[in-house]
Amino acid sequence: MQAHYSPREVEAQAQQLWNERNAFAATEDNAKPKYYCLSMFPYPSGKLHMGHVRNYTIGDVLTRFHQMKGYNVMQPMGWDAFGLPAENAAMASNVAPAKWTYDNIAYMKKQLKSLGFAIDWSREVATCTPEYYRWNQWLFLRMLERGIVYQKTGTVNWDPVDQTVLANEQVIDGRGWRTGAVVEKREIPMYYMSITQYADELLSELDKLSGWPEQVKLMQKNWIGKSFGVRVGFPHSIEGGGTLWVFTTRADTLMGATYVAVAAEHPLATLAAQTNPALAAFIEECKKGGVTEAELATQEKKGMATGLSVTHPLTGEQLPLWVANYVLMGYGEGAVMAVPAHDERDFAFAGKYALPIKPVIRTASGDTTPAPWQEAYAEHGTCINSGKYDGLNFDQAVDAIAADLSAKNLGEKKTTLRLRDWGISRQRYWGTPIPIIHCETCGSVPVPDDQLPVRLPEDLIPDGSGNPLNKCAAFLNCTCPKCGKAARRETDTMDTFVDSSWYFLRYCSPGADKMVDERASYWMPADQYIGGIEHAILHLLYSRFWTKVMRDLGLTKTSEPFANLLTQGMVLNHIFFRKGDKSGITYFAPDEVDLTRDDKGTILSVKSRADGEPVEYGGIGTMSKSKKNGVDPQGLIEQYGADTARLFMMFAAPPENTLEWSDAGVEGASRFLNRLWKAVHAHVEKGVVAAYVGGDLSVELKAMRFQTHSTLQKVSDDYARRKIFNTVIASNMELLNALGKLNDDSAPARAVVQEALELATLMLSPIVPHISHALWAALKPGAVLLEASWPTVDASALEQDEIELVVQVNGKLRGQIRVAKSASKEQIEDLARTSPNVQKFIEGLMIKKIVVVPGRLVNIVAG
RNA sequence: GCCGGGAUGGCGGAAUUGGUAGACGCACGGGACUCAAAAUCCCGCGGUGGUAACACCAUGGGGGUUCGAUUCCCCCUCCCGGCACCA
């Protein structure tokens, strides 16, 4: 063994052995329990960032731990390779997205390999390959056949200057990112996947996901947003008459409705605007701006009367019909009944436009006297001012009103979802082509299976003026599969969430000539899924949905894809930017700026290093390519080695914590590995010994074994149950510190030290596998760490004759006592009461009570 | 705005089921080694008072439950994630 730790050599040797043995190739093996360890695959943005290192190190730690525990493990990797950044990169540097993507994959794969992850690369997938995306197309067609895919219009951001659809990310303060033009909402036809058909199952199965964090399940539940209410019809005589339908969860307040509001895109609004130029202008104004819910929910609530009215279904009263920007066409009926007395938003709106406010509920908090708004106004209560419904409580009133509406054919109880169907059409080039052909005679015709995959040309370069597929004759021109006449290919591509909704199933069937084969039923569900908390809703919900669709098509037996979920906290970093003249934002990497801070560390000013001019500070946020605040781990790996990078990342915080990036502490991680190396070296230099197996030990050596095995006990629990690794490292640091203080070269001592070093090496090996490989070989000549199993705790080492108890007086620490393990409660109380420090504090007081917590403390309550 | 989460020394964090707050590490200060530096090793390190023993205060802020609260409950502030076309 070399005296000095050289990460470069150690890591090269370990990796060479793993390669030679093809150590991480996984095969189906029914003799062992399987463990499918899945990490969210990366978008090949160019370089790994610290979030990736964190994610994949966590996955690798769990993979290696379970391998040692005797599981048949499989850890695959792949690339979420379609998406917008490739098109942006193409525009910026005139490289085709395909080349850019494949180059990035090659580089990032090299980085992942250098980190020594136990990945089975034979299962690698890249979603931008025809071998992968043909199955997106194939399943799309199956879903189309079963009515799970259908077409309807959807709202998109439209840049009127570039004449192109913009992603939400490309809309900044309501303007196009390149043109600075005010963005407009536009309705276009799109394909939808009917996830709402699966809403009930997606909701009810959440309860069975015992390995998922409660917060994620709660977020999904709220996102699906099943709510019970009443659909209410307001008859009207507009354009020959009809009924305006709304949905409400507060039918008990129907008698307090004083107006009705519809979305700007609602047919009645369009109708009213035909004869009302002011209203038409208002509707146009409502169309300005982006489509995100956050933007709509925070914008100023505005409205305009249409001059039309609808009839209250129970009172026959005429209620004014308004158009309001806070009513969303895509949610519910695109219309709401407004009860200003009991809804905060309606209340503010009524105040602004002098609409009547009619209290109809008496809540527990008292009478409903308007202005200013109080939370209590929205509480459930007893009906008042409601005619025959007076005195009814919430449930009674809803039942009675729903029954009366139903008798008039103007309503019924109804369940609604907040969840909307999933629009998958994207007006973009770099994605899976939607396998549809448009024929003048036959309409939209599905591409026959034997013509799949519809291949995406790989040599186009977008220029910002829309989808380049629209200008690519070779792609566009085709023949109709039905009638054989010349036809036009669909140019929309699929949302990249489609790609990521089933990649974990494809990992199980590498090379299969179908979407998935029977090997998937061996591996699925994934035993552990690890990825960023930012995916808590969309990606995880879509994946659950696709898995269920595939199950219903008989492709898999799995209903839920991920048995256990670990949501990794984000790695955050500072964001710096400068706004251009129009609207474009230029981001600056943290190492491109200089900061001035006050003595509390608050950032006062930021200047660009390049030009010395001021730069704006955008707070902290997730590391991302687009914000240029990602930190490339390559420097760290080159300077300190993969093990230090892995150790540092795991030591910095528990996996689920948000982590503000700082490299402070890397030195400490590196120092620890050096100390560990030196400790093993110093030990083996004195000759090879066998680990302790039995025999009398001094008090000190017993204590050493006690610490070794309590560390092992704690660490086993941290890996298996808690999935927290910073404490694994900390307790092994303590163990090494204790070993360093042991100055004993006797034969029993050397055996105890051998045992401790062997166990420390095994305990740390999932985190730092390379150095552990070398240390293991040094401690046990001829042994190979890959073949080692997880060690077991020696219960006899944990036995103690005496224990220390803390003594409190009135909850404050006043002393410690040592008692025999077998001491009775009375003996403990006596010892506690008579210990000198304690006496000082209870002198002259009456002891009211003594609380003894076995093995922990004694609290004397006195007064 | 809505949904979810977080806040503990100068910094990252520990305290696992309500039981010794600050483990472990970073930074910093002092010392040893050295011609010197680096590396390494040893000691100190929440605040206030005190020579010290020790005492009091302290887990974002305010209240509550309890013998005992970083942990449970209520209210508030700030920060982070998501909000359906970033992935």
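Atoms considered below: every heavy atom in the structure, side chains included; atoms not considered: hydrogens, waters and symmetry mates. Chain A is the first sequence line, chain B the second, and so forth, proteins listed ahead of strands; every chain is numbered from 1.
Ion pairing between a basic and an acidic side chain is recognised when a charged N comes within 4.0 Å of a carboxylate O; Lys714(A) and Glu734(A) show no such pairing. Ion pair Arg178(A)/Asp162(A) flagged as a salt bridge, since at least one NZ, NE, NH1 or NH2 atom sits closer than 4.0 Å to an Asp/Glu carboxylate oxygen.
Taking the C1' atoms as reference points, A39(B) lies 40 Å from G50(B), given to the whole Å. Remark: the separation of the C1' atoms in G61(B) and C54(B) is 31 Å, to the nearest Å. Look at the C1' atom in both G5(B) and G44(B): the space between them is 38 Å, to the nearest Å. For A27(B) and A38(B), the P atoms lie 13 Å apart once the distance is rounded to whole Å. Straight-line distance between the P atoms of G9(B) and A23(B): roughly 13 Å, to the nearest whole Å. G18(B) sits 7 Å from U71(B) when the C1' atoms are compared, rounded to a whole Å. Of the P atoms belonging to U34(B) and G29(B), the separation is 23 Å, rounded to the nearest Å. For the C1' atoms, the distance linking G25(B) with G19(B) amounts to 26 Å, nearest Å.
Across the interface with RNA chain B, nearest-nucleotide mapping of Glu734(A) and Gly83(A) shows Glu734(A) to be the residue nearer the 5′ end. Mapping Gly619(A) and Asn157(A) onto RNA chain B by nearest heavy atom places Gly619(A) at the nucleotide closer to the 5' end.
As judged by a 4.0 angstrom heavy-atom cut-off over every strand, Val156(A) is placed among the base-contacting residues. Across all strands, Gly621(A) comes closer than 4.0 Å only to sugar-phosphate atoms, never to a base (heavy-atom distances). Looking at heavy-atom distances under 4.0 Å, Ser425(A) makes contact with a base. Across all strands, Val165(A) comes closer than 4.0 Å to base atoms (heavy-atom distances). Contact annotation for Arg856(A): backbone-only contact, meaning every heavy-atom pair under 4.0 Å involves sugar-phosphate atoms and none involves a base. Glu656(A) comes within 4.0 angstrom of nothing in the nucleic acid, heavy atoms only. As judged by a 4.0 angstrom heavy-atom cut-off over every strand, Phe497(A) is placed among the base-contacting residues. Note on Glu534(A): a base of the nucleic acid sits closer than 4.0 angstrom, heavy atoms only. Nucleic acid contact for His539(A): none, since no nucleic acid atom lies under 4.0 Å from a heavy atom of the residue.
Here the nucleotide nearest the side chain of Arg721(A), chosen from C80(B), C86(B), U16(B), is U16(B). Here C86(B) is the nucleotide among C80(B), A84(B), C86(B) with the atom lying nearest to any side-chain atom of Pro85(A). Of the candidates A87(B), A84(B), C24(B), C24(B) carries the atom nearest the Ala730(A) side chain, counting heavy atoms from C-beta on.
The distance between atom OH of Tyr503(A) and atom C1' of A87(B), rounded to the nearest whole Å, is 12 Å. The distance from atom CD1 of Ile620(A) to atom P of C79(B) is 10 Å, rounded to the nearest whole Å. Rounded to an integer number of Å, the gap from Gln707(A) CD to C24(B) C1' is 12 Å. Per the geometry, CD belonging to Gln220(A) stands 14 Å off P belonging to G5(B), to the nearest Å. We find that CG of Asn168(A) is positioned 11 Å from P of A87(B), with the value rounded to whole Å. The nearest whole Å value for the distance from the NE2 atom in His52(A) to the P atom in A87(B) is 13 Å. Atom C1' of nucleotide A23(B) and atom CE of Met733(A) are separated by 12 Å, given to the nearest angstrom. Per the geometry, CG belonging to Leu419(A) stands 13 Å off C1' belonging to C83(B), to the nearest Å.
A heavy-atom distance below 4.5 Å is found between the side chains of Phe41(A) and Thr127(A). Side chains of Tyr503(A) and Met40(A) form a contact here, defined as non-hydrogen atoms less than 4.5 Å apart. The closest side-chain heavy-atom distance from Ser731(A) to Leu735(A) is not below 4.5 Å.
Within 6.0 Å of NZ in Lys152(A) there are more than 12 heavy atoms belonging to other residues, nucleotides or ligands. Remark: Lys301(A) NZ is packed, more than 12 non-hydrogen atoms of other residues, nucleotides or ligands lying under 6.0 Å away. Counted within 6.0 Å of CG on Asp173(A), heavy atoms from surrounding residues, nucleotides or ligands total 12 or fewer; the atom is thus considered open. For Glu802(A), the CD atom is densely surrounded, since the number of other residues' heavy atoms within 6.0 Å is greater than 12. Environment of NZ in Lys352(A): crowded, with over 12 heavy atoms of neighbouring residues, nucleotides or ligands closer than 6.0 Å.
RNA chain B contains the following stems of three or more consecutive Watson-Crick or G-U pairs, with both distances under 3.5 Å: B:1-7 with B:77-83, B:10-12 with B:24-26, B:28-32 with B:40-44, B:46-49 with B:54-57, B:60-64 with B:72-76.
Residue pairs meeting the salt bridge (charged side-chain N to carboxylate O under 4.0 Å, His left out) criterion with at least one member in residues 645-659 of chain A, sequence neighbours excluded, are Asp60(A)-Arg646(A).
A distance of 6.5 Å separates CD1 of Ile530(A) from CG of Asn55(A), quoted to the nearest 0.5 Å.
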Checklist entry - What string of B, S and - do you get for nucleotides 6-15 of chain B 5' to 3' if you count protein non-hydrogen atoms under 4.0 Å? => result ------BSSS

Checklist outcome for this item: Under a 4.0 Å heavy-atom criterion, the protein footprint on nucleotides 37-67 of chain B, written with B, S and -, is ---SS-------------SSS---------B

Please produce a list of atom pairs where a protein N or O lies less than 3.5 Å from an N or O of nucleotides 1-4 of chain B.
{"residue": "G1(B)", "atom": "N2", "partner": "Glu293(A)", "partner atom": "OE2", "Å": "3.4"}
{"residue": "C3(B)", "atom": "O3'", "partner": "Asn222(A)", "partner atom": "ND2", "Å": "2.8"}
{"residue": "C3(B)", "atom": "O2'", "partner": "Asn222(A)", "partner atom": "ND2", "Å": "3.1"}
{"residue": "G4(B)", "atom": "O2'", "partner": "Gln215(A)", "partner atom": "OE1", "Å": "3.1"}

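Residue Phe82(A) is tested with Tyr43(A), Tyr133(A), Tyr132(A) for a ring pair (Phe, Tyr, Trp, His ring centres under 6.0 Å); the sole match is Tyr133(A).
Base orientation of G9(B): syn (glycosidic angle within 90° of 0).
Considering only side-chain N and O atoms, Ser626(A) lies nowhere under 4.0 angstrom from the phosphate OP1 or OP2 of C86(B).
Under the salt bridge (charged side-chain N to carboxylate O under 4.0 Å, His left out) criterion, Arg426(A) pairs with Asp495(A), sequence neighbours left out.
By the 30° and 60° cut-offs, the orientation of the rings of Trp502(A) relative to Trp546(A) is parallel. Ring orientation note: the planes of His574(A) and Tyr617(A) are tilted relative to one another, at an angle of 30° to 60°. Below 30°, between 30° and 60°, or above 60°: for Tyr56(A) and His52(A) the angle between ring planes is below 30°, a parallel geometry.
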